[in-house]
Number of protein chains: 2
Amino acid sequence: MAELSTTSYAVLGLLSLRDWTTYELAKQMQRTIDFVWPRGERKLYDEPKRLVDAGFARARRDSVGRRPRTTYSITPAGRRALKRWLGTEITPPKLEFEGMLRVLFADQGDLGQLRTTIERISEQAGTAREQFAVMAQGMLAADGGDFPQRLHVNALGMRFMIDHYDHIVSWASWAMKETERWPDSRHAAATWSHRARAVLIDAAT
Amino acid sequence: MAELSTTSYAVLGLLSLRDWTTYELAKQMQRTIDFVWPRGERKLYDEPKRLVDAGFARARRDSVGRRPRTTYSITPAGRRALKRWLGTEITPPKLEFEGMLRVLFADQGDLGQLRTTIERISEQAGTAREQFAVMAQGMLAADGGDFPQRLHVNALGMRFMIDHYDHIVSWASWAMKETERWPDSRHAAATWSHRARAVLIDAAT
DNA sequence: TTGACATGGTGCCCTGGGCAGTATTTAACG
DNA sequence: CGTTAAATACTGCCCAGGGCACCATGTCAA
């Protein structure tokens with residue numbers, strides 16, 4: 001029996017809160033977990049089956065009209081496994097940031113492309129940040145959201161994600177202001193070198 | 001011929017700077033690109049071949065003693081393709097953060113596990129941040145690093161990454177301070193609700 | 001001269017991303 | 001009341017990517 005993945009434990013975590021059909025599980029993952037553990041909806045459909053194989057979940061088949069469905073629930077062994085997992089070592093975070101990759105190679109394009117990229121980075125982060133604002137408004141209106149007893153852990157995560165997106169937006173503002181003075185994307189190393197050195201000195205501390 | 005991936009373009013970007021063997025390319029990717037575009041070293045070995053197939057790179061085979069090696073260089077078509085790519089739409093950043101996932105399900109474990117997780121998050125981010133400090137010191141000492149003419153774009157990236165890791169560390173400090181008052185990991189939603197609401201109100205603006 | 005580390009890779013198995021496709025039920029609208 | 005859009009509930013398939021194992025030669029320091 002293959003070792004369970006972090007994705008499996010994420011699904012097991014949701015199952016610890018209540019029973020779900022695979023469809024609901026996939027949607028809930030997208031809504032509430034995707035920001036820290038993004039996985040394609042398609043793959044999430046395979047996870048509950050693995051949990052059943054491991055003895056951490058049970059499947060209950062029924063139907064709505066003539067359409068069949070499967071509802072999953074966690075087992076006591078599943079709860080123990082989840083708790084054990086919470087005490088194991090974590091892998092460091094991984095960031096996949098195509099926009100910043102473009103910035104790193106921006107000297108191979110023109111200044112307009114660089115500044116467009118920075119603006120798109122800002123807009124995308126702004127949109128993500130906006131989603132959290134809507135989510136927070138919903139939670140305030142619904143007096144804690146779907147799981148008010150979990151408000152405390154959700155608030156810890158919310159604080160991080162909000163600051164994360166705000167940080168991207170403010171980096172973008174800074175980058176737009178700095179690149180305004182660049183003659184072009186390729187030769188700014190010379191004219192802008194005092195500012196670049198300031199960044200390095202700050203980073204080196 | 002299959003569409004090239006972002007990983008392909010990242011490698012093409014390095015090839016635009018100078019010629020490399022696949023081995024050097026893989027190492028350079030790890031050193032300078034991994035923070036924004038992490039890929040397993042193994043897979044990076046396949047990329048130059050795809051670039052050759054697409055007509056964006058040329059391979060030159062020679063040997064060091066009796067050991068053969070292949071050095072890749074970019075073609076004019078490769079430079080044009082890289083430039084075109086720099087003008088296309090970017091996909092939003094993706095964050096994979098197992099530590100934060102654990103925080104979101106921390107109510108299923110005990111408070112000790114949560115606080116250990118937060119401490120490990122802080123330590124890991126501190127270590128990553130430290131790597132950038134060393135890198136920045138190296139660049140200052142070597143008067144711009146391996147590619148001094150690219151100092152300006154590297155400084156933009158460096159500013160972002162430094163602030164990113166600093167943000168994680170400061171989130172962790174905040175979280176340690178807040179969880180100090182929690183009675184346990186499960187029932188803090190009640191006693192801590194005024195602080196949680198403050199986070200939501202802040203997020204909702 | 002011997003052992004560690006750097007150079008320069010390939011094979012293989014499984015997970016994951018992403019598109020396409022299928023079928024039924026419920027809600028929305030004119 | 002009938003039509004249609006959206007939600008529910010999934011599966012198949014192909015390729016990219018993660019990660020381990022494995023190989024060989026070159027270089028440098030003790």
Side-chain angles (χ1 to χ4, degrees), chain A residues 1-12 14 19-31 33-34 36-54 59-72 91-96 98 101, chain B residues 1-12 14 19-31 33-34 36-54 57 59-72 89 91-96 98 101:
Chain A
M1 161 176 58
E3 206 60 27
L4 291 177
S5 65
T6 298
T7 307
S8 309
Y9 283 102
V11 170
L12 190 60
L14 287 181
D19 296 354
W20 314 78
T21 66
T22 323
Y23 175 80
E24 292 171 323
L25 226 24
K27 293 297 169 194
Q28 188 69 9
M29 282 288 284
Q30 306 261 301
R31 259 198 306 276
I33 307 292
D34 196 65
V36 290
W37 200 258
R39 286 297 178 268
E41 191 180 337
R42 175 62 185 87
K43 293 303 148 181
L44 299 175
Y45 278 91
D46 299 332
E47 290 302 337
K49 295 174 186 171
R50 289 183 195 166
L51 293 174
V52 170
D53 287 347
R60 195 172 65 251
R61 312 187 63 88
D62 67 341
S63 54
V64 179
R66 314 183 321 132
R67 187 175 54 200
R69 70 173 173 186
T70 311
T71 306
Y72 292 88
T91 57
K94 244 186 220 183
L95 179 67
E96 208 169 272
E98 194 185 354
L101 181 62
Chain B
M1 162 175 57
E3 206 61 26
L4 291 177
S5 65
T6 297
T7 307
S8 309
Y9 283 102
V11 170
L12 190 60
L14 287 182
D19 295 355
W20 313 78
T21 66
T22 321
Y23 175 80
E24 291 172 323
L25 228 23
K27 292 298 169 194
Q28 188 68 9
M29 281 288 284
Q30 307 263 299
R31 260 198 306 276
I33 307 293
D34 197 65
V36 290
W37 200 258
R39 285 300 178 265
E41 192 181 334
R42 176 63 186 86
K43 293 302 149 183
L44 299 176
Y45 278 92
D46 300 332
E47 290 302 338
K49 296 173 187 171
R50 288 182 195 168
L51 293 175
V52 170
D53 287 347
R60 193 173 65 251
R61 312 187 64 87
D62 67 339
S63 53
V64 179
R66 316 186 316 133
R67 188 175 55 201
R69 70 173 174 185
T70 310
T71 306
Y72 292 88
E89 175 62 1
T91 56
K94 244 186 220 184
L95 179 66
E96 208 168 273
E98 194 184 355
L101 181 63

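Please read all numbers here as calculations on a predicted model, not as lab measurements. Here is how names work: the chains are called A, B, and so on, in the same order as the sequence lines, proteins then strands, and each is numbered from 1.
- Residues passing the side-chain contact (heavy atoms from CB on, under 4.5 Å) test with A:E41, sequence neighbours excluded: A:A26, A:K27, A:Q30, A:Y45.
- Checked against side-chain contact (heavy atoms from CB on, under 4.5 Å), B:K94 has the following partners two or more places apart in sequence or in another chain: A:P38, A:E96.
- When the side-chain hydrogen bond (donor to acceptor under 3.5 Å, both in side chains) test is applied to B:D34, no partner is found at least two apart in sequence or on another chain.
- Take B:R60 and apply the side-chain hydrogen bond (donor to acceptor under 3.5 Å, both in side chains) test, not counting sequence neighbours, and it matches no residue.
- Taking A:R66 as the reference, nothing meets the side-chain hydrogen bond (donor to acceptor under 3.5 Å, both in side chains) condition, with sequence neighbours excluded.
- The ring-ring contact (aromatic ring centres under 6.0 Å, His included) search around B:Y72 returns none, not counting sequence neighbours.
- Sorted by residue number, the members of residues 39-48 of chain B with any non-hydrogen atom under 4.0 Å from DNA chain C read B:R42, B:K43, B:Y45.
- For A:R69, the side-chain contact (heavy atoms from CB on, under 4.5 Å) partners at least two apart in sequence or on another chain are A:T21, A:D62, A:V64, A:T71.
- Helix bend of the helix from C:dT1-D:dA30 to C:dG30-D:dC1: the angle between its two end axes, each built from five pairs, comes to 40° after rounding to 10°.
- Taking A:S5 as the reference, A:T7, A:S8, A:E47 meet the side-chain contact (heavy atoms from CB on, under 4.5 Å) condition, with sequence neighbours excluded.
- Applying the side-chain hydrogen bond (donor to acceptor under 3.5 Å, both in side chains) criterion to B:D19, with sequence neighbours excluded, gives no partner residue.
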Listed pairs, N/O of protein and of nucleotides 22-26 of chain D, under 3.5 Å:
{"from": "D:dT25", "atom 1": "OP1", "to": "B:R66", "atom 2": "NH2", "distance (Å)": "2.9"}
{"from": "D:dT25", "atom 1": "O2", "to": "B:R67", "atom 2": "NH1", "distance (Å)": "2.2"}
{"from": "D:dG26", "atom 1": "OP1", "to": "B:V64", "atom 2": "O", "distance (Å)": "3.4"}
{"from": "D:dG26", "atom 1": "OP1", "to": "B:R66", "atom 2": "N", "distance (Å)": "2.6"}
{"from": "D:dG26", "atom 1": "O4'", "to": "B:R67", "atom 2": "NH2", "distance (Å)": "3.4"}

